[in-house]
Protein chains: 2
Amino acid sequence: MTDQQKSVMQDRGTVRAVERALDVLLCFRAKDELGLTEISKMIGLHKSTVHRLLATLETRGFVRREQSDRYRIGWSILELTSGIYRSGDFSTVVFPEMTALRDRIGETVSLYVRSGFERIRIQAVEGIHAVRRVANIGMRFPLHIGASGKVLLAFCNEPLLDRMESAGALPNNFNKAEFERQLEDIRKRGYAVTFEEREAGAAAVAAPIMNRQNQVSAALSVSGPVDRFSEANLERFIVACVDSANLIGKVFPF
Amino acid sequence: MTDQQKSVMQDRGTVRAVERALDVLLCFRAKDELGLTEISKMIGLHKSTVHRLLATLETRGFVRREQSDRYRIGWSILELTSGIYRSGDFSTVVFPEMTALRDRIGETVSLYVRSGFERIRIQAVEGIHAVRRVANIGMRFPLHIGASGKVLLAFCNEPLLDRMESAGALPNNFNKAEFERQLEDIRKRGYAVTFEEREAGAAAVAAPIMNRQNQVSAALSVSGPVDRFSEANLERFIVACVDSANLIGKVFPF
DNA sequence: TTCGGTTGTTTCACACCATAAAACGCTGGT
DNA sequence: ACCAGCGTTTTATGGTGTGAAACAACCGAA
């Protein structure tokens, strides 16, 4: 163990073994079936260490093994998610309003929150045109790409963009001045619109959900294929999305 | 630390600190907002220990704090769930078939797997009569109560009931001989029917989903108010449920 | 205001336990 | 038969997780 590692791990007030175990769990974001050696390479730990961590995770149901040598996320994770939306009355207010918005405009409605320098899609209601059900709830995306990311950045009180820059969370050729102008525009309008930014062929409208302290707590977005985001539709989408976001922000105690 | 504790923790091949951290996480099954001292009382650890564990969990996004002193489950949990159904093609086979079954009969369709001495509802499609959306996916129930629990027990190759008995997972006044007869009956019929067993006013039909090794891998259930489980309907429910379970078992590589 | 009783937070010395290397069995491919 | 890769087990070492105690900040009661 190097001196650098030593000095880093000194006095952080955290438990190293636990951090490593959680890192093992987070490996399953990338792939939903992993072998022991595979994991040990991903996080740079010794096989035996990972083995013990996995055994520990298994006793509590956080990982499971299907046949013999392949590990998967365990069912305990599900138990914890069932309570995640219970904050206040997520299921009686937010989800119904998202569904109503989807029914009004027909496109996919998503809800994002910020976590660190990323955003997480914490809930989604599929558009009526959706051919396949993509269950990518929980997925992370960068903050600086996509309508809802920009909304979360634009209405954030702290100088988040600066912190991202100094943390190296932005690409090298990132035009910060231009981006700041975009954010200013979003703040003025009260919503964001993007075309084929995060995904080719896709467009999105996003509006901020503000809490009572007038801080942005989430972003509500409407997204779908660009060809359905015509001039006429776009106006409808914007109005509907902003309205729903305002309504949720008024009612929901984020 | 007592000698008893020492001897217990010897040679388990697991990491104590990690087990404790996971126990902290599992506290959020009972309540979705907890204070530090509250947790420390629940699992019998010192405040400072829990504090360090929570700080560690927070760095990886497994818990979050809303205002200052209240802890909640973090968003990282959501990231892990998104991949949980990806085993094989859960979303393209199992979920559509469950939805189709619901559309055929109108009642709530649930999917359970066994985890230890309990069953977990890993997916559900609400019946058309459902007034409120109950998002209790991930919820645990005993194996010996309810139609799907009995199915999981009946078609389990190992002597699970014996192990439950010796582990004290059964109530004191449990009539094991009678229960064994019920299981034998379920094995003969190929499905289970219960009336007001787990919940007052509710009835359920459940059928096993068998994998290629002819082991039960899950239980599919149809449930609703008893008054809709009349003689005539019941027959339809049973046939439809068994059919869907067979279909899923054939296609899905559990 | 001044208490007492809560919180959550920080510090610190000591014993303990997590660690990684190495050796082990096992399986599958060549 | 061989090798390469896997997961598992064992072991000595010293790093590190631990809980008591002291601390700070809050709240309601007297």
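Residue numbering restarts at 1 for every chain, and letters A, B, ... go by the order of the sequence lines.
A salt bridge between B:Lys176 and B:Glu165 is present, with a side-chain N of the basic residue lying under 4.0 Å from a carboxylate O of the acidic one. A salt bridge links A:Arg70 with A:Glu38: at least one charged nitrogen is closer than 4.0 Å to a carboxylate oxygen.
D:dG7 atom C1' lies 7 Å from atom OH of A:Tyr71, rounded to whole Å. Put simply, CD on A:Glu19 is 13 Å from C1' on D:dT16, counting in whole angstrom units. Rounded to an integer number of Å, the gap from CD of B:Glu58 to P of C:dG8 is 13 Å. The NZ atom of B:Lys41 sits 17 Å away from the C1' atom of D:dG19 (whole-angstrom rounding). The distance between atom CG of B:Leu53 and atom P of C:dT10, rounded to the nearest whole Å, is 15 Å. In this structure, B:Ile39 places its CD1 atom 11 Å from P of C:dT9, rounding to the nearest Å.
Put simply, B:Arg65 has a side-chain N or O that comes within less than 4.0 Å of OP1 or OP2 on C:dT9. Proximity of B:Arg20 to the phosphate of D:dT18: a side-chain N or O atom is located under 4.0 Å from OP1 or OP2. Residue B:His51 has no polar side-chain atom (N or O) positioned under 4.0 Å from OP1 or OP2 of C:dG8. Taking only side-chain nitrogens and oxygens, A:Thr49 never comes nearer than 4.0 Å to OP1 or OP2 of C:dT19. The shortest distance between the side-chain N/O atoms of A:Arg16 and the OP1/OP2 oxygens of D:dG15 is not below 4.0 Å. In this model, the phosphate group of C:dG8 is approached by a side-chain N or O of B:Thr37 to a distance below 4.0 Å at OP1 or OP2.
Stacking of B:Arg198 on the aromatic ring of B:Phe141 is recorded, both the 6.0 Å distance cut-off and the 45° axial limit being met.
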Atom pairs under 3.5 Å: protein N/O with N/O of nucleotides 21-27 of chain C:
unit_1: C:dA21; atom_1: OP2; unit_2: A:His46; atom_2: NE2; d: 3.2
unit_1: C:dA21; atom_1: N7; unit_2: A:His46; atom_2: NE2; d: 3.4
unit_1: C:dA21; atom_1: N6; unit_2: A:Ser48; atom_2: OG; d: 3.4

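The side chain to side chain contact (heavy atoms under 4.5 Å, CB included) with B:Ile39 is formed by just one residue from the set B:Val50, B:Asp23, B:Leu25; it is B:Val50.
For the residue pair A:Thr56 / B:Glu19, no side-chain donor-acceptor distance below 3.5 Å is found, with atom types taken as modelled.
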- Item | Pair pattern of DNA chain C in dot-bracket, where unpaired bases get dots and | marks partners in another strand, Watson-Crick or G-U under 3.5 angstrom | ||||||.|||||||||||||||||||||.|

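In this structure, B:Ser48 OG and B:Leu53 CG are separated by 9.5 Å, a value rounded to the nearest 0.5 Å. To the nearest 0.5 angstrom, B:Arg119 atom CZ is 4.0 Å from B:Ser148 atom OG. Here the CG-CG distance, from B:Leu247 to B:Leu220, works out to 10.5 Å after rounding to the nearest 0.5 Å. We find the CZ-CG distance between B:Arg72 and B:Leu34 to be 9.5 Å, quoted to the nearest 0.5 Å.
Taking the nucleotide of DNA chain D with the nearest heavy atom to each of A:Leu36 and B:Leu45, the more 5' of the two is matched to A:Leu36. Closest-nucleotide positions on DNA chain C for B:Gly35 and B:Arg52 were compared, and the one nearer the 5' end corresponds to B:Gly35.
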